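Worth saying up front: this structure is predicted, and the values here are computed from it rather than measured. Each chain gets a letter, A, B and so on, in the order its sequence line appears, and its residues count up from 1.
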Amino acid sequence: MTSPEPPHRPDPRVLIVDDHQLFRAGVRAELEPLLEITGEASGVDDALDAIEEQSPDVVLLDVHMPDGGGVEVIRQAAAVTETPPCFLALSVSDAAEDVIAVIRAGARGYVTKSISGDELADAVRRVHEGDAVFSPRLAGFVLDAFAGPAPQPESELDALTAREREVLQHIARGYMYKEIALRLDISPKTVEAHVSSVLRKLQLSSRHELSRWAAERGLDL
Amino acid sequence: MTTASAGSAGELRRDRDAGWIGGVAAGVARRFGVDVTLVRLAFVVAAAAGGAGFAAYALGWLLIPAGDSRPSRVRIRTGRAAVEVALGTGLLLVAVLLTLRELGLWFSDAIVWPLFLIAAGGALIWRQSMGEPADTVGRERSASAAAVPGAVRAEAGPSVAAPGRAELAVAEGRRAAVAISRTGIGIALVIAAGVVFLQATGALGAARDVLLALIAAVVVLAVIFAPWIVRLLRSLTEERAERIRSQERAELAAHLHDSVLQTLAMVQRRAGEPTEVAALARRQERELRAWLSGRPAPGQSARLAGALEIAAAEVEERHGVPVEVVVVGDRELDTRHEAVVAAAREAMTNAAKFGGGSPVDVYAESADSRTQVFVRDRGPGFDTGSIPPDRRGVRESIVGRMKRYGGRARVTSAPGSGTEVEIVLEEEQ
């Protein structure tokens with residue numbers, strides 16, 4: 001146990017929430033050999049029941065579903081279990097406001113459905129370990145949301161640091177965290193820290209654009 | 001003098017070519033077959049005898065339609081020039097009237113001043129509601145309509161047509177403002193005429209009583225009929241909303257039928273060819289996304305983000321490699337930024353061809369005065385020091401092109417770590 005690596009946690013148990021049966025089956029088939037799947041759910045109520053019964057570690061969450069979508073699941077999860085799972089949003093949605101709303105509700109990352117099985121399993125593990133997972137598209141949305149002058153009075157939550165911006169730009173350009181660390185001459189853990197910091201700002205900032213998007217989705221954050 | 005003009009002699013038409021001012025005298029002369037000098041003399045005499053000639057001339061100018069004529073050489077346009085001309089003319093007229101008043105050639109203040117105001121205000125309103133401005137709008141519309149197909153043909157495409165349309169909208173807005181202010185000034189002048197007349201004849205007090213009674217009647221009627229009117233208006237709005245909804249539904253159905261259902265049919269027919277099915281699905285996905293987000297349909301974007309999406313879709317279709325595009329900020333395309341898109345398309349093509357089938361990431365950022373595009377693959381990469389001379393793509397279409405347009409491009413690659421092309425264009429000072 002002299003390794004500097006943190007102790008390896010057991011593989012996360014995953015719940016798949018999506019209103020498309022075909023898509024759930026596809027994800028399940030891809031993840032089954034790599035991770036433990038506790039079950040599937042097709043809607044908000046279904047998902048809440050499954051979270052209560054199966055207490056999964058990570059919930060793969062569709063952004064768009066009837067009855068409020070992923071946002072509703074995240075909001076109500078705290079009421080059904082004492083140890084809410086981590087949420088990773090998985091969607092075909094192109095609309096920044098939907099994605100940002102799910103992140104602000106508490107999801108720890110967002111990946112698009114075109115992601116490969118291996119990458120998805122990796123993303124689930126990282127979310128489970130407490131990291132944030134940004135796809136190139138989410139990085140683009142965040143850069144867009146934090147573009148322009150910060151509102152007054154300026155809070156440290158309302159603007160990205162130059163380094164955070166640099167890291168996000170690299171993610172948007174398609175670089176892996178390890179590659180970014182190499183290019184910026186910092187450690188992969190530092191890259192991870194920057195991304196987590198951006199996630200925190202994304203969730204807590206009162207920037208006008210973010211608040212507006214949240215308000216449009218009925219979030220009082 | 002009267003022979004040159006077009007139009008039959010039977011109708012009374014102002015003859016603007018032969019006339020001195022508005023062609024009223026010349027038109028009257030032609031219609032009745034008398035010498036124009038005589039008619040003019042008659043107007044001058046009538047004007048000298050208390051100003052009736054002015055009023056008659058002004059009425060003639062307003063009421064008698066202009067005959068066909070060559071477009072006058074000096075076209076008075078809206079704007080400062082027009083205001084100055086109008087002010088000048090008005091002041092001259094006032095000066096003439098005051099002179100006549102001093103000389104004793106005068107009816108009474110109660111008639112001449114109101115008439116003068118009415119003539120001025122009426123002229124403004126009439127000219128606005130019939131007459132030249134409508135002509136002008138029509139002419140400019142048809143001119144711009146003719147310009148648009150020309151621009152499309154000139155291969156510069158919609159990017160040229162779009163600013164034209166925007167300008168037209170601005171011009172139309174300005175015209176509307178001019179029309180409103182003109183009509184407003186006209187109405188104010190006419191009302192002022194009425195007030196001056198009433199004041200001069202001492203009937204202003206009585207008129208105020210009548211006005212009060214009228215207002216009271218209107219208020220009473222409004223209170224009585226208000227619920228009924230509100231209900232009528234509401235049902236009209238509801239009906240309109242319902243109509244719009246059903247129209248939207250029909251449009252949605254038509255669009256889905258043309259796009260998604262067609263693609264699904266094709267997917268079923270080619271179920272045995274996975275690459276082709278995947279390509280079909282990707283193309284349909286892009287098209288549907290663009291439609292859902294309200295972006296222009298593929299093939300006609302005048303903005304950076306749209307143009308990059310189109311380029312990515314084309315490359316993806318041709319080479320069967322997924323191309324993911326992320327754009328932060330957006331801007332209009334000009335010639336220089338079209339070069340950026342062209343260079344980026346070339347970089348995408350290279351990435352798709354030589355990237356070993358890995359997905360291609362495109363990231364574009366346009367902010368302040370700087371546009372950057374990154375195109376990256378995770379393929380085998382190559383030694384940038386030894387680009388084979390036959391790979392003209394990189395040298396000519398990317399690096400050379402950007403240099404020509406005042407930007408730059410850089411290729412970063414090493415064996416085993418993929419390739420990234422960076423394209424940068426700064427705003428010209």
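- Here the side chains of A:Phe146 and B:Val328 are not in contact, with every heavy-atom distance at 4.5 Å or above.
- When heavy atoms are compared at a cutoff of 4.5 Å, B:Glu285 does not approach chain A at all.
- Taking 4.5 Å as the heavy-atom cut-off, the residues of residues 311-325 of chain B that approach chain A are B:Glu324, B:Val325, ordered by number.
- Using a 4.5 Å cut-off between heavy atoms, B:Gln372 does not touch chain A at all.
- With rounding to the nearest 0.5 Å, the separation of CD in B:Glu420 from CZ in A:Arg183 is 5.5 Å.
- Applying the side-chain hydrogen bond (donor to acceptor under 3.5 Å, both in side chains) test to B:Arg243 and every residue at least two apart in sequence or in another chain returns nothing.
- No other option in B:Asp361, B:Val360, B:Val375, B:Val362 has as many heavy-atom pairs under 4.5 Å with chain A as B:Asp361.
- Other residues, nucleotides and ligands contribute at most 12 non-hydrogen atoms within 6.0 Å of the OH atom of B:Tyr405.
- At most 12 non-hydrogen atoms from other residues, nucleotides or ligands lie less than 6.0 angstrom from CZ of B:Arg410.
- If you measure heavy-atom distances from B:Val326 to chain A, the contacts under 4.5 Å come from the side chain alone.
- Contact residues of residues 164-176 of chain A toward chain B are A:Gln169, A:Ala172, A:Arg173, A:Gly174, A:Tyr175, A:Met176 (heavy-atom distance under 4.5 Å).
- Applying the side-chain hydrogen bond (donor to acceptor under 3.5 Å, both in side chains) test to B:Thr349 and every residue at least two apart in sequence or in another chain returns nothing.
- Residue B:Ile244 qualifies as enclosed at atom CD1: its count of foreign heavy atoms under 6.0 Å is above 12.
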